Structure formats: structure tokens, C-alpha cells
Amino acid sequence: FQDYHGFPEFRQAIATFMSKARGRRVTFDPNRVVMSGGATGANELVMFCLADPGDAFLIPSPYYPAFYRDLGWRTGVQIVPVDCDSSNNFKITKEAVEAAYEKAKNNNINVKGLIITNPSNPLGTTLDKDTLESLVTFINQKNIHLVCDEIYAATVFSSPKYTCITEVMQDMDCNPNLIHIVYSLSKDMGFPGLRVGIVYSYNDDLVNISRKMSSFGLVSSQTQYMLASMLSDEDFVEKFLATSSKRLAKRHGVFTKGLEEVGISCLKSNAGLFCWMDLRRLLKDQTFDGEMVLWRVIVNEVKLNVSPGSSFKCVEPGWFRVCFANMDDDTVEVALKRIRALVGQGKKAQEQAQVKSTKKRWQSNLRLSFSSSTRRFEQEGVSVMSPHMMSPHSPMPHSPFVQATT
Amino acid sequence: MGFTLSNQQQLLSKIATGNGHGENSPYFDGWKAYDSDPFHPTKNPNGVIQMGLAENEMCFDLIQEWVLTNPEASICTAAGVNEFKDIAIFQDYHGLPEFRNAVANFMGKVRGNRVTFDADRIVMSGGATGAHETIAFCLADPGDAFLVPVPYYPGFDRDLGWRTGVQLIPVACDSSNNFKVTRAALEAAYEKAQKANIRVKGLLITNPSNPLGTVIDRDTLRSLVTFINEKKIHLVCDEIYAATVFSQPSFTSIAEIIEENIECNRNLIHIVYSLSKDMGFPGFRVGIVYSYNDDVVNCARKMSSFGLVSTQTQHLIASMLSDNEFVERFIAQSAERLKARHMRFTMELAQVRTSCLNGNGGLFVWMDLRRLLKEQTFEAEMVLWQTIIHEVKLNVSPGSSFHCPEPGWFRVCFANMDDKTMEIALTRIRNFMAQYKEPIAPRKNNRYWQSNLRLSFQSRRMDDVMMPPCMMSPHSPIPQSPLVRAT
């Protein structure tokens with residue numbers, strides 16, 4: 001079976017699951033479900049369909065680093081960041097979006113749309129209804145697209161409650177031809193290996209053409225078959241979503257509390273598989289170089305692989321994304337212990353850190369541990385490639401892009 | 001909100017609104033006829049029999065038996081569920097090592113162990129469809145071209161050119177020498193491209209050939225290698241039908257040629273493979289890019305993120321294809337059954353004075369119906385084709401959709417049905433041939449010539465799309481391309 005429509009049961013199961021993940025406040029039409037090679041493939045596919053090479057999409061920062069590859073590598077599409085900062089908890093403001101749009105226009109860049117990730121990676125926050133409404137208004141005014149990456153939809157574990165774009169659309173005057181959703185089972189179900197990417201569009205032409213394009217990255221029929229069965233088991237799905245949410249809430253609580261005990265705060269968040277940790281007060285200099293110094297200490301000495309904010313194009317140095325859902329409880333304890341030690345050592349650790357030139361190539365044997373309980377970089381050697389140099393073009397044997405997400 | 005159609009069209013990209021997908025064509029009548037009236041032995045015995053889909057359904061009993069006796073290969077059984085988590089979270093674009101090893105092992109066995117393949121050169125892709133696109137992205141910039149001998153698989157235009165901006169330039173082949181690729185034809189195509197200021201980046205061959213069902217002999221392969229080395233262009237060998245060779249002459253893989261004492265820059269040699277034809281697993285989307293060029297391996301591997309093989313499938317395949325006893329038995333049985341099917345089919349056709357190109361591989365025959373054409377034109381070919389679809393009720397593929405320069409050839413697939421259906425198809429052909437001793441005249445009633453270009457969305461993926469013989473409309477020149485040049 002290789003029909004690019006996919007098994008009808010699979011599409012139906014996905015549509016039902018998407019609805020359940022949104023508390024059944026909205027429903028989805030199986031005929032709009034289009035497959036792709038993971039969310040990676042979905043994002044690229046949408047770009048190929050919506051933008052010509054040289055066109056641009058606005059993206060609020062901080063954003064998922066691999067967007068650079070997914071949205072722009074083979075498509076020729078540019079990313080224009082919309083700067084957000086901690087002064088208002090990194091909320092997306094209409095002013096910031098307008099400013100980014102105008103700046104692009106003035107530089108003769110053709111903006112084709114805006115991409116938002118909701119819930120946000122790396123912030124772990126959900127967009128409030130007002131913000132969503134203002135974004136929908138904005139894109140309608142400019143007649144540009146709105147692509148909503150809702151890959152973390154079912155990872156919402158506490159209030160404020162999640163508002164998805166479909167809910168907003170229903171209550172507003174809006175051109176549905178501009179609204180598109182990217183989805184996947186990689187985060188909500190924990191199935192990144194199964195490569196289940198979904199493009200869901202309210203634009204019929206886009207559904208048709210993206211379906212033809214999906215030939216380049218269909219979901220294995222073996223996987224479609226299994227998921228059709230699993231996700232149409234209503235009892236299982238409801239139990240899964242509820243349990244997942246509870247466990248994420250608990251893990252998040254343990255983690256953030258542990259950090260608070262040593263005076264580290266995180267952005268207040270209610271979703272995602274990570275915290276957005278504020279380590280600004282540990283920076284020697286409030287610069288991105290300072291952030292890199294601290295990051296190398298954390299990786300080399302504290303032996304935790306966390307992601308520095310600069311890799312997410314965050315405009316403020318000192319923020320780090322820390323994932324907590326990919327390990328067991330014991331490992332969480334170990335991680336927290338190490339963080340406590342880091343804070344305790346503080347300045348001492350920074351002074352002792354050996355910093356080599358950031359231009360040095362990745363020499364060490366970087367082994368990714370894929371054991372069931374942990375996923376950490378273990379590396380020998382002193383030189384560390386800073387993350388902004390880890391572009392898709394670096395011929396590195398093992399880079400963060402080895403995994404489909406960071 | 002009153003958005004006009006032109007507004008709507010401007011909303012999408014040029015790639016999205018163009019014809020690069022290759023499906024917008026009146027040739028879809030064949031698919032529509034099948035979809036609206038599909039054959040079923042009991043429910044619809046007079047329906048259209050699908051003979052336009054090159055799929056291999058000959059050995060599913062063997063597969064099923066293996067799956068039953070190897071429950072640990074599935075993550076959905078009690079025997080295999082312990083691996084579920086590790087498999088489901090594994091997303092490394094290198095793929096499971098055991099998967100790569102098993103595929104390398106299988107590829108070697110399919111070539112009679114005459115060559116071995118390095119598991120570290122195995123790169124995944126979204127089916128062969130994705131593999132071809134990835135190769136094109138890695139080797140060529142928008143506007144660049146690949147030479148492709150005709151007739152060729154219609155999907156190449158989409159796979160190699162739709163989103164990449166790469167062009168395909170046909171290399172003329174015809175029945176005067178059984179459609180063999182000649183040096184002269186290659187040179188001619190190359191020169192023509194040069195004169196038109198088109199940069200040729202490589203040559204794409206399919207061996208065994210679709211639609212011809214023949215293998216390329218050693219001498220020809222050597223001459224192709226010599227040619228591409230001289231011109232310093234790439235050679236991409238689609239060996240997707242490698243295990244479907246069922247009789248002499250035996251299959252020679254490009255991997256064997258470069259192991260010989262031949263002067264060849266290995267950085268120019270790349271193989272595209274898949275399990276879709278040899279194993280009959282098109283649904284599993286197991287595409288493989290195998291390159292002798294390290295840079296291409298690295299780049300293609302990064303690009304494979306856009307179309308990795310589901311780890312659930314990798315796990316199953318790893319298990320299945322490392323069962324050496326099973327693999328050997330499967331390859332042998334598959335070849336035997338294909339041979340039997342092919343022989344039955346061609347013998348019956350010969351009984352009604354219908355010849356096919358002498359083929360020894362593939363899942364189809366290249367049928368010669370030139371004598372039935374009123375005129376040796378493509379219009380006449382279309383008339384004949386309409387008759388075959390609507391009166392004989394067989395969906396076959398006209399040669400023009402494969403860019404064949406001679407009218408009157410048809411590709412007829414025989415491996416996607418059981419024996420009973422096959423016999424019914426043969427009966428229909430026999431009856432048809434008995435009726436029509438004269439060439440086929442155009443029908444007065446033009447009702448079949450519906451130019452309703454809207455696709456029936458029950459239709460299959462474009463494995464077999466009929467496309468007009470003219471080139472697809474060229475893509476807009478794309479200014480920049482962050483492509484790795486692998487020369």
C-alpha cells in the first residue's frame with residue numbers, strides 16, 4: 001500500500017487524536033490530514049508550497065534551532081526573527097511583529113507568512129487567546145500565511161489552558177486559506193523514530209498539492225497501520241493523555257523546585273518537555289561570549305547537555321533550555337545535584353574553565369548515549385564547538401542534527 | 001472575505017502552482033477508468049484490470065510466514081514489545097546499525113555476492129522517490145540537467161526535478177537495437193545540452209530497466225562509466241529492480257563494474273535503491289542512497305531527516321534481511337515465480353502474434369503493438385490505448401508516457417495480481433487480438449477524451465503516471481541553492 005492519501009483509518013485516527021489532545025474543543029477533518037517525514041518534513045513541505053526561494057517567514061525568537069534547516073535549507077526561504085525578550089516574559093507583541101515585517105519590507109524581502117510554535121519551544125509556554133487573535137488579525141491584514149507548529153499540544157500540563165489556532169479561527173473573521181498547522185507524534189506520544197509528521201491546512205489547494213508532495217516522505221504503512229489501531233482506542237488515548245500530562249506536571253514541579261532551592265528561576269511555563277532556565281546572574285559578562293563560557297562549563301565540567309539560548313536566537317544572553325522528560329527520576333536527581341554544585345562553585349568554576357578558540361573543529365569522539373534512561377553528550381577533549389557554528393553544512397560526524405530535534 | 005481566484009493562486013508558491021507534480025494530464029484517463037471500475041474476481045469481474053502498476057505481489061506468502069515465525073521482529077507483539085520504547089524514540093539519521101547492515105547484506109546477496117556493500121554508505125530516504133530527489137539536491141543546482149535514456153519511468157521528472165529545479169534531457173534510444181544506450185546517442189544529447197547552455201551534471205540509468213525489463217550488458221556499462229569519467233559528470237544508477245532478474249543474461253551492478261580494472265573516479269558513482277520492487281514493500285518507504293562519494297554520503301545523510309525510514313520498519317527489516325536463509329530462499333523463489341509468470345504471459349501473447357521486447361527482469365513486459373496502429377503516430381497510440389482501457393478493460397501504460405520516441409509500445413505489468421486474474425487478463429487480450437486484425441481506427445464517439453484534469457483522489461501515488469511526451473514546463477530559475485557540490 002503506497003497511496004499518498006494514507007490509510008483512511010490512519011487519517012481518521014490522527015484527526016481524532018488531534019482533537020482529543022485539544023480537549024475535544026475542536027474537531028479535525030481526516031481529509032485534511034497530509035503525511036510527511038516527521039515534523040522536519042512537514043515544515044519543509046509547507047515552505048515549498050507557500051514560498052518561493054528568497055521569500056521570508058517571520059518567526060518569533062527564541063525558536064527551535066533546526067527551523068533554519070527545516071524551513072530554509074533546500075527551499076531557499078529566509079527566516080526573519082521577531083524579537084521577544086524577558087521584559088514581558090517573551091510574549092509576542094503586535095509591535096514586534098509589525099516592526100519585523102516593516103524591516104523586511106524595507107529591505108525588499110517578500111514576507112510570505114508567520115510561523116509560531118504553540119506551545120513554544122524553547123519557552124514551554126502557551127500563547128494566550130488575545131495574542132493569538134492579534135496574530136490572526138495581523139496576517140489577515142497583510143494577506144500572509146500563519147503556520148502553527150502545534151507539536152507540543154498534548155504536553156500542556158497546567159494552566160493557563162491551551163488555546164489552539166483552530167479555536168481562535170472559529171471565533172474570528174479570518175481567511176482560512178491562510179491558516180496551516182504542522183503536527184507530529186514525536187513529542188506528544190514520544191514517537192520521534194516513527195516519523196509521523198502531519199500537515200493540516202484549511203487551504204484546499206495546499207492540501208491537494210502537499211499531498212502530492214508527501215510522496216517524498218510518507219509514513220510507513222506498517223506504522224500507519226499500528227497507529228490507526230492505537231489512536232482509535234478511545235480509552236487508551238484518554239488515559240494516555242491524562243497520565244502524560246500528570247507525569248509531566250510532576251516532573252516539571254520536581255525540577256523547577258529543585259532549581260529554585262538554589263536560587264535558579266525558570267520562565268513560568270505550563271507545557272513542553274523542558275524549562276527555560278534563567279542563568280543570567282551566573283554570567284561573568286552579560287554577553288553571548290559570557291553565555292558560551294558558562295555553557296562550556298556546564299557541558300564539560302558539570303556534564304549536563306543543556307542548550308544555550310543563543311542557539312535559539314534568543315536576543316538576551318543567559319537563558320538555557322533544559323529538557324527534563326527524557327530521563328527517569330533517578331537521573332533527574334543526579335542532574336539536580338550537579339546543578340546545585342555548579343551554582344555553589346559559581347565563579348570558581350568559571351575562572352578555572354579552559355576556553356579554546358571557537359573556531360576549532362569538533363575533534364573529540366562525541367558519543368551519543370541512547371540508553372533508555374539518559375541522553376547526554378559524553379565527550380573527551382577540551383575543544384567545544386559552539387552551537388551557532390553547528391550549521392547543517394558542518395561535516396561533523398555526530399552533531400545535534402543527528403537527532404531530528406534538539 | 002471575498003478572495004478572488006488569482007489572489008488564491010498567489011498565496012501558494014510557484015512550485016505549488018506549477019505542473020511539476022506531473023499529474024495534471026489527460027493520460028490519467030487510465031487511472032480514472034480503473035478507479036471508477038476496478039476489477040474484482042467476484043464483486044466486479046468485468047472491471048478494469050490494473051496492469052499499469054509495477055508492483056511485486058508474488059511472494060507475500062513467504063513474507064507472511066516469516067513474520068509469523070519471527071514475532072520479535074515486530075514491536076507490537078509480546079515477543080517484541082520490550083524494544084518498543086528504544087525503537088520509538090530512536091531518531092538518529094544514521095539509522096539503526098543493524099538495519100544498515102541488513103540492507104548492505106541484502107544488496108550484496110541480490111547481486112549474487114559478487115560485490116559487497118559498506119553499511120556506512122547506506123543512507124535512508126523517503127522511498128526511491130525521496131532518494132532520487134535527495135541525489136538531485138546533492139549533485140545539481142537549479143537549472144542543471146541530467147541525461148536520461150528513453151524510455152524512462154515517468155516519475156523521474158517529478159522526483160528529480162519538481163522541487164529541485166533540475167532538468168532531464170532525454171538520450172535517444174529506439175527499437176532498431178532493442179533500445180540499447182549507445183555512445184553516439186549519449187554524445188549527441190550531451191552536445192545538444194552544451195549548445196543550449198545547459199550544464200549537464202550527470203547521467204541517470206535504470207538497471208534493470210523500467211519500462212523495458214532488460215538488463216544493461218557489461219560492455220555498455222563500461223562505456224557509460226568511461227563516458228561520465230571523460231565528461232566529469234555523475235552516474236546515478238537506479239537498481240531498484242535488481243532482484244527481479246529471473247533469467248539470462250545475468251544482472252551486472254555498477255558496483256561490479258567499478259571493482260574491475262577500470263579507470264573510474266568513484267566520487268562520481270551513486271546507486272539508488274529501495275525495497276519497493278525487490279521485496280514488494282512500497283508501503284514501507286524504504287529508500288536507499290548509496291554513494292561512493294563521502295561528501296554525498298554526508299550531505300544526503302543530513303538531508304535524510306526529511307524522509308527517514310520509520311524505526312519500526314527499520315527494526316522489522318533489520319531482522320528479516322539478516323536472516324540469511326530466508327533471504328536466499330526469497331530471492332530464489334521470487335525469481336522463479338517471476339520467470340514463470342513472465343513466460344506464461346509472453347507465450348500467450350506470442351500465440352496471438354503479439355511480441356514483447358526480449359526482457360529478463362522487472363515486473364512488466366514492453367509490448368509491441370505497432371502493427372495495430374492505424375498510423376505510426378502518438379495520436380494513434382492514444383486511440384489504441386483508449387480502446388485497451390475502455391473495451392479490453394486493461395489499464396496498461398502507453399509508451400509515450402515513458403518518453404518513448406516510437407509510438408506503439410506499451411508497458412504491461414504482470415506481477416501485481418494472482419494467477420487467476422492473470423488468466424482473465426490473458427483471455428481478454430486473446431479476444432481483443434482475435435477481433436482486431438486491422439489497425440485500430442479512431443472512435444467516432446469522443447466521450448473517452450475527457451479533458452477533465454481534476455484527479456480522482458482515490459488514485460494511487462504516481463508510480464505510473466502517464467505524462468505527455470513533451471517536457472514538463474520548466475521551473476522558474478531559483479536564485480540560490482545551498483547545495484553541496486560533490487564533484
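Within every chain, numbering begins at 1; the chains are lettered A, B, ... in the order of the sequence lines, protein sequences first and strands thereafter. What you see is a predicted model; the values in this text were computed from it and never measured.
- Side-chain contact check for A:Ser220 and B:Ser310: no donor-acceptor pair (N or O, by modelled atom type) lies under 3.5 Å.
- Aromatic pair B:Phe90/A:Phe191: centroids not less than 6.0 angstrom apart.
- Here the CG-NZ distance, from A:Asp55 to B:Lys14, works out to 7.5 Å after rounding to the nearest 0.5 Å.
- In this structure a side-chain-to-backbone donor-acceptor pair under 3.5 Å is present from A:His145 to B:Leu11.
- Within the 4.5 angstrom heavy-atom criterion, only side-chain atoms of A:Met230, from C-beta onward, approach chain B.
- Looking at A:Val196, there are no atoms closer than 4.5 Å to chain B (heavy atoms on both sides), in backbone or side chain.
- Residue B:Phe84 touches chain A through its side chain alone, counting heavy-atom pairs closer than 4.5 Å.
- Across A:Cys49, A:Ala51, A:Gly113, A:Gly41, the residue that shares the most heavy-atom pairs under 4.5 angstrom with chain B is A:Cys49.
- Using a 4.5 Å cut-off between heavy atoms, B:Val309 touches chain A through its backbone atoms (N, CA, C, O) alone.
- Using a 4.5 Å cut-off between heavy atoms, B:Leu316 contacts chain A through its side chain alone, with no backbone atom that close.
- A distance of 8.0 Å separates CD of B:Gln91 from OG1 of A:Thr40, quoted to the nearest 0.5 Å.
- Taking a cutoff of 4.0 Å between a charged side-chain nitrogen and a carboxylate oxygen, B:Glu133 and A:Arg74 qualify as a salt bridge.
- A:Asp52 places no side-chain N or O within 3.5 Å of a backbone atom of B:Ser13 that could act as its donor or acceptor partner.
- In terms of heavy-atom proximity, A:Ser221 sits nearest to B:Phe284 at OG-CD2, 3.6 Å.
- In this structure, CD1 in B:Ile15 is found 6.0 Å from CE in A:Met213, a value given to the nearest 0.5 Å.
- When the candidates B:Ala16, B:Gly127, B:Cys76, B:Ala88 are compared by the number of heavy-atom contacts under 4.5 Å with chain A, B:Ala88 comes out ahead.
- For the atom pair OG (B:Ser305) and CZ (A:Arg69), the distance works out to 4.0 Å, reported to the nearest 0.5 Å.
- The CZ atom of B:Phe306 lies 5.0 Å from the CG atom of A:Asp70; values are rounded to the nearest 0.5 Å.
- A:Gln170 CD: more than 12 foreign heavy atoms inside a 6.0 Å radius.
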Exercise for the section: Show the numbers, then the answer: is there a side chain to side chain contact (heavy atoms under 4.5 Å, CB included) between A:Asn203 and B:Leu12? Expected result: CA-CA 10 Å; A:Asn203 180 321; B:Leu12 302 190; 4.1 Å; yes
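- Separation of atoms CD (B:Gln314) and CD (A:Gln222) is listed at 10.5 Å; rounding is to 0.5 Å.
- Considering all non-hydrogen atoms of both residues, B:Trp162 and A:Ile209 come closest at CZ2-CD1, 3.7 Å.
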